[in-house]
Amino acid sequence: MSDSVFSKDILQGKVAFVTGGGTGITGGVARAMAEHGARIAITSRKEENLAAMKKLIEDGGGECFAVAADVRDFEAVQNAISKTVEHFGKIDIVVNGAAGNFLCAAEQLSPNGFGTVIDIDTKGTFNVCRAAFEELKKSKGQILNISATLHYLATPMQIHVSAAKAGVDAITRNLSVEWGRHGIRVNGIAPGPIEDTEGMKRLLPEPLKEKITKKIPVGRFGRIKDIENAALFLTSDAANYVNGVTLVVDGGQWLLGTSLG
Ligand code: HXC
(Lines give C-alpha, C1' and ligand atoms only; values in the text may rest on other atoms or scores of the structure.)
Protein backbone atom coordinates (compact mmCIF):
# COMPACT_ATOMS: atom_id res chain seq x y z
CA MET A 1 0.00 0.00 0.00
CA SER A 2 2.71 2.47 0.96
CA ASP A 3 4.05 2.42 -2.59
CA SER A 4 0.67 3.07 -4.25
CA VAL A 5 0.63 5.86 -6.82
CA PHE A 6 -2.98 6.58 -5.85
CA SER A 7 -4.35 8.42 -2.86
CA LYS A 8 -5.48 5.85 -0.28
CA ASP A 9 -9.06 7.15 -0.17
CA ILE A 10 -9.93 7.16 -3.89
CA LEU A 11 -12.58 4.46 -3.36
CA GLN A 12 -13.65 5.60 0.12
CA GLY A 13 -17.31 4.79 0.81
CA LYS A 14 -17.64 2.40 -2.15
CA VAL A 15 -18.71 -1.23 -1.99
CA ALA A 16 -17.16 -3.55 -4.58
CA PHE A 17 -18.46 -7.02 -5.48
CA VAL A 18 -15.62 -9.02 -7.03
CA THR A 19 -16.01 -12.42 -8.70
CA GLY A 20 -12.97 -14.65 -8.80
CA GLY A 21 -11.83 -12.38 -6.00
CA GLY A 22 -10.21 -15.19 -4.04
CA THR A 23 -7.04 -15.50 -6.11
CA GLY A 24 -4.86 -14.21 -8.93
CA ILE A 25 -5.48 -11.00 -10.81
CA THR A 26 -8.92 -10.34 -9.39
CA GLY A 27 -7.77 -11.26 -5.90
CA GLY A 28 -5.16 -8.51 -6.30
CA VAL A 29 -7.78 -6.10 -7.57
CA ALA A 30 -10.02 -6.88 -4.57
CA ARG A 31 -7.16 -6.33 -2.13
CA ALA A 32 -6.05 -3.11 -3.86
CA MET A 33 -9.60 -1.74 -3.80
CA ALA A 34 -9.78 -2.47 -0.06
CA GLU A 35 -6.46 -0.68 0.45
CA HIS A 36 -7.95 2.35 -1.28
CA GLY A 37 -11.05 2.63 0.87
CA ALA A 38 -13.64 0.25 -0.61
CA ARG A 39 -15.48 -2.40 1.35
CA ILE A 40 -15.20 -5.67 -0.54
CA ALA A 41 -17.45 -8.64 -1.22
CA ILE A 42 -15.60 -11.52 -2.84
CA THR A 43 -17.15 -14.52 -4.47
CA SER A 44 -15.70 -17.71 -5.87
CA ARG A 45 -16.59 -21.37 -6.06
CA LYS A 46 -13.90 -22.34 -3.58
CA GLU A 47 -14.49 -21.54 0.09
CA GLU A 48 -10.79 -22.01 0.94
CA ASN A 49 -9.71 -19.32 -1.55
CA LEU A 50 -12.31 -16.95 -0.16
CA ALA A 51 -11.21 -17.50 3.43
CA ALA A 52 -7.56 -16.80 2.59
CA MET A 53 -8.34 -13.57 0.70
CA LYS A 54 -10.76 -12.38 3.39
CA LYS A 55 -8.02 -12.80 5.98
CA LEU A 56 -5.49 -10.96 3.79
CA ILE A 57 -7.84 -8.03 3.29
CA GLU A 58 -8.78 -7.88 6.97
CA ASP A 59 -5.15 -8.17 8.07
CA GLY A 60 -4.51 -5.10 5.89
CA GLY A 61 -7.21 -3.19 7.78
CA GLY A 62 -9.95 -3.62 5.16
CA GLU A 63 -13.49 -4.96 5.37
CA CYS A 64 -14.35 -8.12 3.47
CA PHE A 65 -17.50 -10.19 3.10
CA ALA A 66 -17.02 -13.59 1.46
CA VAL A 67 -19.84 -15.49 -0.20
CA ALA A 68 -19.41 -18.66 -2.25
CA ALA A 69 -21.15 -18.86 -5.63
CA ASP A 70 -20.60 -20.34 -9.06
CA VAL A 71 -21.12 -17.54 -11.60
CA ARG A 72 -22.69 -20.07 -13.99
CA ASP A 73 -25.61 -20.44 -11.60
CA PHE A 74 -27.83 -17.35 -11.86
CA GLU A 75 -29.73 -18.12 -8.66
CA ALA A 76 -26.49 -18.50 -6.72
CA VAL A 77 -25.31 -15.17 -8.14
CA GLN A 78 -28.57 -13.47 -7.17
CA ASN A 79 -28.16 -14.89 -3.68
CA ALA A 80 -24.57 -13.61 -3.43
CA ILE A 81 -25.67 -10.14 -4.56
CA SER A 82 -28.57 -10.08 -2.05
CA LYS A 83 -26.32 -11.21 0.80
CA THR A 84 -23.81 -8.50 -0.08
CA VAL A 85 -26.52 -5.83 -0.06
CA GLU A 86 -27.81 -7.18 3.28
CA HIS A 87 -24.27 -6.97 4.64
CA PHE A 88 -23.02 -3.66 3.23
CA GLY A 89 -26.28 -1.93 2.23
CA LYS A 90 -25.39 -1.37 -1.41
CA ILE A 91 -23.08 -2.22 -4.33
CA ASP A 92 -21.19 0.49 -6.26
CA ILE A 93 -18.68 -1.54 -8.26
CA VAL A 94 -18.86 -4.99 -9.83
CA VAL A 95 -15.66 -6.66 -11.01
CA ASN A 96 -16.11 -9.73 -13.21
CA GLY A 97 -12.94 -11.73 -12.85
CA ALA A 98 -14.08 -15.35 -12.57
CA ALA A 99 -12.62 -17.26 -15.53
CA GLY A 100 -11.85 -20.77 -16.69
CA ASN A 101 -8.85 -21.74 -18.75
CA PHE A 102 -6.82 -24.66 -20.03
CA LEU A 103 -4.81 -25.31 -23.17
CA CYS A 104 -6.51 -27.53 -25.72
CA ALA A 105 -6.31 -27.89 -29.49
CA ALA A 106 -9.63 -27.17 -31.21
CA GLU A 107 -9.87 -30.65 -32.73
CA GLN A 108 -9.48 -32.25 -29.30
CA LEU A 109 -11.76 -29.91 -27.39
CA SER A 110 -15.16 -31.38 -26.51
CA PRO A 111 -18.28 -29.26 -26.99
CA ASN A 112 -18.72 -29.39 -23.24
CA GLY A 113 -15.16 -28.16 -22.69
CA PHE A 114 -15.83 -25.24 -25.05
CA GLY A 115 -19.18 -24.55 -23.40
CA THR A 116 -17.78 -24.72 -19.89
CA VAL A 117 -15.41 -21.81 -20.49
CA ILE A 118 -18.13 -19.82 -22.30
CA ASP A 119 -20.43 -20.49 -19.34
CA ILE A 120 -17.91 -19.30 -16.75
CA ASP A 121 -16.45 -16.30 -18.59
CA THR A 122 -19.22 -14.99 -20.83
CA LYS A 123 -22.47 -16.19 -19.32
CA GLY A 124 -21.02 -15.74 -15.83
CA THR A 125 -20.21 -12.11 -16.62
CA PHE A 126 -23.73 -11.55 -17.96
CA ASN A 127 -25.28 -13.29 -14.94
CA VAL A 128 -23.45 -11.06 -12.49
CA CYS A 129 -24.15 -7.85 -14.42
CA ARG A 130 -27.81 -8.79 -14.76
CA ALA A 131 -28.21 -9.71 -11.09
CA ALA A 132 -26.45 -6.51 -9.95
CA PHE A 133 -28.30 -4.15 -12.31
CA GLU A 134 -30.92 -2.80 -9.87
CA GLU A 135 -28.28 -2.13 -7.23
CA LEU A 136 -25.95 -0.46 -9.72
CA LYS A 137 -28.82 1.67 -11.00
CA LYS A 138 -29.45 2.88 -7.44
CA SER A 139 -25.79 3.65 -6.77
CA LYS A 140 -25.00 4.92 -10.29
CA GLY A 141 -22.27 2.36 -10.09
CA GLN A 142 -20.05 0.65 -12.51
CA ILE A 143 -18.84 -2.62 -13.93
CA LEU A 144 -15.29 -3.72 -14.70
CA ASN A 145 -14.90 -6.86 -16.83
CA ILE A 146 -11.57 -8.68 -16.92
CA SER A 147 -10.95 -9.84 -20.47
CA ALA A 148 -7.83 -10.81 -22.47
CA THR A 149 -6.05 -10.00 -25.73
CA LEU A 150 -6.12 -13.59 -27.03
CA HIS A 151 -8.88 -12.93 -29.54
CA TYR A 152 -7.47 -9.76 -31.10
CA LEU A 153 -5.57 -11.96 -33.54
CA ALA A 154 -5.70 -15.73 -33.00
CA THR A 155 -4.22 -17.84 -30.22
CA PRO A 156 -3.72 -21.57 -30.85
CA MET A 157 -5.03 -23.91 -28.12
CA GLN A 158 -7.27 -21.12 -26.85
CA ILE A 159 -10.32 -21.17 -29.13
CA HIS A 160 -12.66 -21.54 -26.15
CA VAL A 161 -11.13 -18.69 -24.13
CA SER A 162 -10.77 -16.45 -27.18
CA ALA A 163 -14.45 -16.89 -28.04
CA ALA A 164 -15.44 -16.39 -24.40
CA LYS A 165 -13.42 -13.20 -23.96
CA ALA A 166 -14.66 -11.79 -27.29
CA GLY A 167 -18.12 -12.24 -25.79
CA VAL A 168 -17.05 -10.46 -22.62
CA ASP A 169 -15.83 -7.49 -24.69
CA ALA A 170 -19.19 -7.41 -26.47
CA ILE A 171 -20.95 -7.36 -23.10
CA THR A 172 -18.75 -4.43 -22.03
CA ARG A 173 -19.63 -2.41 -25.13
CA ASN A 174 -23.33 -3.25 -25.19
CA LEU A 175 -23.95 -2.60 -21.51
CA SER A 176 -21.97 0.66 -21.61
CA VAL A 177 -24.48 1.87 -24.19
CA GLU A 178 -27.63 0.37 -22.68
CA TRP A 179 -26.86 1.17 -19.06
CA GLY A 180 -24.89 4.41 -19.51
CA ARG A 181 -28.19 6.27 -19.41
CA HIS A 182 -28.78 4.86 -15.92
CA GLY A 183 -25.47 6.37 -14.82
CA ILE A 184 -23.69 3.01 -14.88
CA ARG A 185 -20.24 2.99 -16.49
CA VAL A 186 -19.07 -0.33 -17.97
CA ASN A 187 -15.42 -0.87 -18.83
CA GLY A 188 -12.95 -3.70 -19.15
CA ILE A 189 -9.29 -4.52 -18.76
CA ALA A 190 -7.46 -6.85 -21.14
CA PRO A 191 -4.36 -8.08 -19.31
CA GLY A 192 -1.44 -9.44 -21.28
CA PRO A 193 0.84 -12.12 -19.82
CA ILE A 194 0.84 -11.51 -16.07
CA GLU A 195 3.38 -13.41 -13.96
CA ASP A 196 2.50 -15.29 -10.78
CA THR A 197 -1.05 -16.10 -11.87
CA GLU A 198 -2.88 -19.40 -12.22
CA GLY A 199 -3.59 -18.58 -15.86
CA MET A 200 0.11 -18.17 -16.67
CA LYS A 201 1.04 -21.31 -14.75
CA ARG A 202 -1.44 -23.25 -16.86
CA LEU A 203 -0.61 -21.61 -20.17
CA LEU A 204 3.10 -21.03 -20.06
CA PRO A 205 5.72 -23.56 -18.97
CA GLU A 206 8.45 -21.82 -16.94
CA PRO A 207 11.26 -22.61 -19.45
CA LEU A 208 9.42 -20.60 -22.13
CA LYS A 209 9.27 -17.49 -19.98
CA GLU A 210 12.59 -16.03 -21.11
CA LYS A 211 11.73 -16.54 -24.78
CA ILE A 212 8.38 -14.85 -24.31
CA THR A 213 9.89 -11.95 -22.40
CA LYS A 214 11.75 -11.01 -25.59
CA LYS A 215 8.40 -10.75 -27.38
CA ILE A 216 7.09 -8.11 -24.98
CA PRO A 217 7.94 -4.59 -26.13
CA VAL A 218 8.54 -3.23 -22.62
CA GLY A 219 10.82 -6.20 -21.89
CA ARG A 220 9.03 -7.74 -18.95
CA PHE A 221 5.98 -9.73 -17.95
CA GLY A 222 3.08 -7.89 -16.42
CA ARG A 223 2.57 -7.90 -12.69
CA ILE A 224 -0.70 -8.20 -10.83
CA LYS A 225 -0.03 -4.68 -9.57
CA ASP A 226 -0.19 -3.38 -13.16
CA ILE A 227 -3.77 -4.65 -13.39
CA GLU A 228 -4.62 -3.36 -9.92
CA ASN A 229 -3.52 0.13 -10.97
CA ALA A 230 -5.60 0.03 -14.15
CA ALA A 231 -8.61 -1.18 -12.12
CA LEU A 232 -8.19 1.59 -9.54
CA PHE A 233 -8.02 4.20 -12.28
CA LEU A 234 -11.05 2.89 -14.18
CA THR A 235 -13.23 2.53 -11.07
CA SER A 236 -12.22 5.87 -9.56
CA ASP A 237 -13.69 9.29 -10.29
CA ALA A 238 -10.64 9.99 -12.45
CA ALA A 239 -12.35 7.87 -15.13
CA ASN A 240 -15.82 9.41 -14.79
CA TYR A 241 -16.13 9.96 -18.54
CA VAL A 242 -14.61 6.63 -19.57
CA ASN A 243 -17.35 4.22 -20.65
CA GLY A 244 -17.33 1.20 -22.98
CA VAL A 245 -13.55 0.88 -23.08
CA THR A 246 -11.48 -2.26 -22.66
CA LEU A 247 -8.08 -1.01 -21.56
CA VAL A 248 -5.23 -3.20 -22.78
CA VAL A 249 -2.55 -3.62 -20.12
CA ASP A 250 0.06 -5.77 -21.80
CA GLY A 251 3.20 -3.74 -22.37
CA GLY A 252 2.30 -3.66 -26.07
CA GLN A 253 2.58 -7.46 -26.39
CA TRP A 254 -0.45 -8.18 -28.57
CA LEU A 255 0.74 -5.77 -31.26
CA LEU A 256 3.56 -8.20 -31.99
CA GLY A 257 1.15 -11.16 -32.13
CA THR A 258 -0.92 -12.76 -29.40
CA SER A 259 0.59 -16.21 -29.71
CA LEU A 260 2.75 -16.80 -26.66
CA GLY A 261 4.40 -19.92 -28.00
C1 HXC B 1 -9.44 -30.38 -22.32
C2 HXC B 1 -10.86 -30.02 -20.52
C3 HXC B 1 -9.75 -29.67 -19.69
C4 HXC B 1 -8.44 -29.71 -20.28
C5 HXC B 1 -11.58 -29.51 -18.52
N6 HXC B 1 -11.95 -29.90 -19.76
N7 HXC B 1 -10.24 -29.36 -18.46
N8 HXC B 1 -10.70 -30.36 -21.82
N9 HXC B 1 -8.34 -30.08 -21.58
N10 HXC B 1 -7.36 -29.42 -19.56
C11 HXC B 1 -13.28 -30.25 -20.21
C12 HXC B 1 -13.75 -31.51 -19.53
O13 HXC B 1 -13.25 -32.66 -20.16
C14 HXC B 1 -15.26 -31.39 -19.64
O15 HXC B 1 -15.73 -31.76 -20.91
C16 HXC B 1 -15.48 -29.90 -19.52
O17 HXC B 1 -14.22 -29.25 -19.84
C18 HXC B 1 -15.87 -29.50 -18.12
O19 HXC B 1 -14.88 -30.00 -17.23
P20 HXC B 1 -15.13 -30.05 -15.65
O21 HXC B 1 -13.86 -30.46 -15.02
O22 HXC B 1 -16.37 -30.83 -15.36
O23 HXC B 1 -15.54 -28.52 -15.38
P24 HXC B 1 -15.40 -27.61 -14.16
O25 HXC B 1 -14.83 -28.33 -12.97
O26 HXC B 1 -16.68 -26.96 -13.96
O27 HXC B 1 -14.32 -26.51 -14.67
C28 HXC B 1 -13.17 -26.93 -15.30
C29 HXC B 1 -12.25 -25.77 -15.63
C30 HXC B 1 -11.95 -25.00 -14.37
C31 HXC B 1 -12.93 -24.85 -16.63
C32 HXC B 1 -11.02 -26.35 -16.27
O33 HXC B 1 -11.58 -25.89 -13.38
C34 HXC B 1 -10.87 -23.98 -14.60
O35 HXC B 1 -10.70 -23.36 -15.61
N36 HXC B 1 -10.06 -23.74 -13.64
C37 HXC B 1 -8.96 -22.80 -13.90
C38 HXC B 1 -9.23 -21.49 -13.33
C39 HXC B 1 -8.19 -20.51 -13.85
O40 HXC B 1 -7.07 -20.84 -14.17
N41 HXC B 1 -8.59 -19.27 -13.95
C42 HXC B 1 -7.70 -18.26 -14.51
C43 HXC B 1 -8.00 -18.12 -15.93
S44 HXC B 1 -6.78 -17.16 -16.69
P45 HXC B 1 -16.34 -33.25 -21.19
O46 HXC B 1 -16.72 -33.21 -22.63
O47 HXC B 1 -15.24 -34.21 -20.90
O48 HXC B 1 -17.52 -33.40 -20.26
C49 HXC B 1 -7.48 -16.43 -17.95
C50 HXC B 1 -6.59 -15.46 -18.66
C51 HXC B 1 -6.50 -15.73 -20.08
O52 HXC B 1 -8.59 -16.60 -18.27
C53 HXC B 1 -5.46 -14.87 -20.72
C54 HXC B 1 -4.07 -15.34 -20.53
C55 HXC B 1 -3.05 -14.54 -21.33
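All ligand and atom numbering here is 1-based and tracks the order in the structure. The analysis underlying the following values was restricted to heavy atoms, covering all of them including side chains, and did not include hydrogens, waters or symmetry mates.
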Does the N or O separation between Asn112 and ligand 1 drop below 3.5 Å for any pair?
yes
Is the closest N or O pair between Asn101 and ligand 1 shorter than 3.5 Å?
yes
For Gln142 and Asn243, which I'm curious about, is there any donor-acceptor pair between the side chains at under 3.5 Å?
no
Donor-acceptor side-chain pairing of Asn49 and Thr23 below 3.5 angstrom:
no
Of all the heavy atoms in [X], does at least one lie under 4.0 Å from an atom in ligand 1?
X	value
Gln108	no
Gln158	no
Met157	no

Test: Glu195 and Arg220 ion pair at under 4.0 Å
no
Salt bridge between Lys83 and Glu86, side-chain N to carboxylate O under 4.0 Å?
no
Out of Leu103, Thr116, Thr26, who gets a non-hydrogen atom closest to atom 28 (C) of ligand 1?
Thr116
Please work out whether any backbone atom (N, CA, C, O) or any side-chain heavy atom from C-beta onward of [X] is under 4.0 Å from ligand 1, and answer side chain, backbone, both or neither.
X	result
Arg45	side chain
His151	neither
Ala99	both

Would a distance-only check, ignoring hydrogens and angles, find a side-chain to backbone donor-acceptor pair under 3.5 Å from Thr155 to His151?
no
Answer yes or no: is there a side-chain heavy-atom contact under 4.5 Å between [X] and [Y]?
X	Y	value
Val128	Thr43	no
Ile91	Leu136	yes
Phe221	Asp196	no

Which of the atoms in ligand 1, numbered in the order shown and given with their element, are less than 4.0 Å from a heavy-atom of [X]?
X	value
Met200	55 (C)
Ser110	15 (O), 45 (P), 46 (O)
Gly113	11 (C), 15 (O), 16 (C), 17 (O)
Arg72	26 (O)

Heavy-atom count check: over 12 atoms from other residues, nucleotides or ligands less than 6.0 Å from Glu210 CD?
no
